[in-house]
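Here is the structure we will look at, set down as structure tokens.
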Amino acid sequence: MDRTHILTFTVTELHADRFGRCRSASLLRFAQDAAGAHCMKLGADWDTMAAKGLFWAVIRQRLEITRLPNLGETVTVKTWPMPTTRVAYPRATVGLDAAGNELFKVISLWVIMDIQSRTMIRPDRSGVDVEGTVLGGELAAPAGLNFKDLPKETLRTVGFTELDVNGHMNNTRYIDWLCDLLPSD
């Protein structure tokens, strides 16, 4: 098994905000696309999973940004599965600039869902075995959510264009929603 997978992206206008900085959601998209490419190598890609009536879904993630890359910058993304837990498949990702400096880290918790029932399938019952590894320096897995009153909030409805191939709002869209609540600077 290829323990890690490396994919390179260039920050384009589609990834950048009005100041030419890569949007946080684009960093998560880079991580997700690299994970998807790695899953193809591992035989656990969307088509293979769908043929078994299953799909991958991200239930939690933690993103730590050291520096946002700018428009035109190259981002090298390295990703690897970590040891499977009782309920999830953790995946670590790190993004590097052209000089090899860390831009961001992500730890995401992936689960397998049944396409028909839309229920989660535990790893020990899924038939999907992913060998995980720990390279060191990975972020701690995200824990439960801590709800608290925030000074600014809004009510939004998921639109059709925000749905992904699995029929739910993709994790990268949530961070766009959150960033819309912040001042643009």
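As a basis for the values below, the full set of heavy atoms in this structure was taken, side chains included, without hydrogen atoms, waters or symmetry mates.
The closest donor-acceptor contact from the side chain of Thr74 to the backbone of Thr10 lies at 3.5 Å or more, if one exists at all.
Here the side chains of Met82 and Thr133 are not in contact, with every heavy-atom distance at 4.5 Å or above. Ile65 is not listed as a side-chain neighbour of Leu103, based on a closest heavy-atom distance of 4.5 Å or more. Side-chain contact check for Trp80 versus Ile6: every heavy-atom pair is 4.5 Å or farther apart. Between Arg67 and Phe104 there is no side-chain heavy-atom pair separated by less than 4.5 Å. For the pair Leu71/Phe19, no side-chain contact is recorded, criterion being any heavy-atom separation below 4.5 Å from C-beta on. Side-chain contact between Asp33 and Arg29 is present, with heavy atoms from C-beta onward closer than 4.5 Å.
Across every non-hydrogen atom of Ser26 and Cys22, the tightest pair is CB-SG, 3.6 Å. Of all heavy-atom pairs between Ala34 and His5, the closest is O-CD2, 3.6 Å. The two residues Pro123 and Ala88 make their nearest non-hydrogen contact at CG-N, 3.9 Å. Taking both residues in full, the closest heavy atoms of Pro90 and Pro83 are given as CD-O, 3.4 Å, listed atom of the first, atom of the second, then distance. Shortest non-hydrogen contact noted between Pro142 and Ile107 is CD-CG2, 3.8 Å. In this structure, Asp180 and Arg156 approach most closely via the heavy-atom pair OD2-NH1, 3.0 Å.
Of the inter-residue distances, the one linking Leu68 atom CG with Leu27 atom CG reads 6.0 Å to the nearest 0.5 angstrom. The structure places OG1 of Thr93 at 11.0 Å from CG of Leu7, a figure rounded to the nearest 0.5 Å. Distance check, rounded to the nearest 0.5 Å: SG of Cys39 to OH of Tyr89 gives 10.5 Å. A distance of 9.0 Å separates CG of Leu109 from CD of Gln61, quoted to the nearest 0.5 Å. Once rounded to the nearest 0.5 Å, the distance linking CD of Glu102 with OG1 of Thr66 reads 4.5 Å. To the nearest 0.5 Å, atoms NZ (Lys52) and OG (Ser126) are separated by 8.5 Å.
Under the 4.5 Å side-chain heavy-atom criterion for ILVMFWY residues, a single connected hydrophobic cluster contains both Ile59 and Ile115. Trp110 is not connected to Val106 by any chain of hydrophobic side-chain contacts under 4.5 Å among Ile, Leu, Val, Met, Phe, Trp and Tyr, and they are in different clusters. Cluster membership check: Phe55 shares its hydrophobic cluster with Val165, using side-chain heavy-atom separations under 4.5 Å among Ile, Leu, Val, Met, Phe, Trp and Tyr. Using a 4.5 Å cut-off between side-chain heavy atoms of Ile, Leu, Val, Met, Phe, Trp and Tyr, with links allowed through other members, Leu42 and Met40 fall into different hydrophobic clusters. Both Leu96 and Leu139 sit in one connected hydrophobic cluster of ILVMFWY residues. Membership requires side-chain heavy atoms under 4.5 Å apart, directly or through other members.
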Assess whether side-chain contact (heavy atoms from CB on, under 4.5 Å) is satisfied between Thr172 and Gln32, documenting all intermediate values. CA-CA 9 Å; Thr172 62; Gln32 182 175 304; 4.1 Å; yes
Working note: Trp56 + Ile112, criterion side-chain contact (heavy atoms from CB on, under 4.5 Å); need CA distance, chi angles, decisive distance, verdict. CA-CA 5 Å; Trp56 291 105; Ile112 294 179; 3.6 Å; yes
Tell me, with the steps shown, if Ile175 and Leu28 meet side-chain contact (heavy atoms from CB on, under 4.5 Å). CA-CA 9 Å; Ile175 199 164; Leu28 292 179; 3.9 Å; yes
Chi angles and distances behind the side-chain contact (heavy atoms from CB on, under 4.5 Å) call for Glu162, Tyr174: CA-CA 10 Å; Glu162 294 171 313; Tyr174 285 105; over 6 Å; no
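For His38 and Arg91, the side-chain atoms include at least one donor-acceptor pair closer than 3.5 Å. No side-chain N or O of Trp46 forms a donor-acceptor pair with one of Thr48 less than 3.5 Å apart.
Between Asp164 and Arg173 there is no salt bridge, since no side-chain N of the basic residue sits under 4.0 Å from a carboxylate O of the acidic one. We find that Arg86 and Asp124 are not joined by a salt bridge, their nearest charged nitrogen and carboxylate oxygen being 4.0 Å or further apart. Classification of Arg3 and Glu131 as a salt-bridged pair holds, one side-chain N sitting under 4.0 Å from a carboxylate O. Between Lys105 and Glu64 there is no salt bridge, since none of the side-chain N atoms of the basic residue sits less than 4.0 Å from a carboxylate O of the acidic one.
The number of heavy-atom neighbours closer than 6.0 Å to CE of Met169, taken from other residues, nucleotides and ligands shown, is above 12.
The six-membered or imidazole ring of Phe30 lies near that of His15, with a centre-to-centre distance under 6.0 Å.
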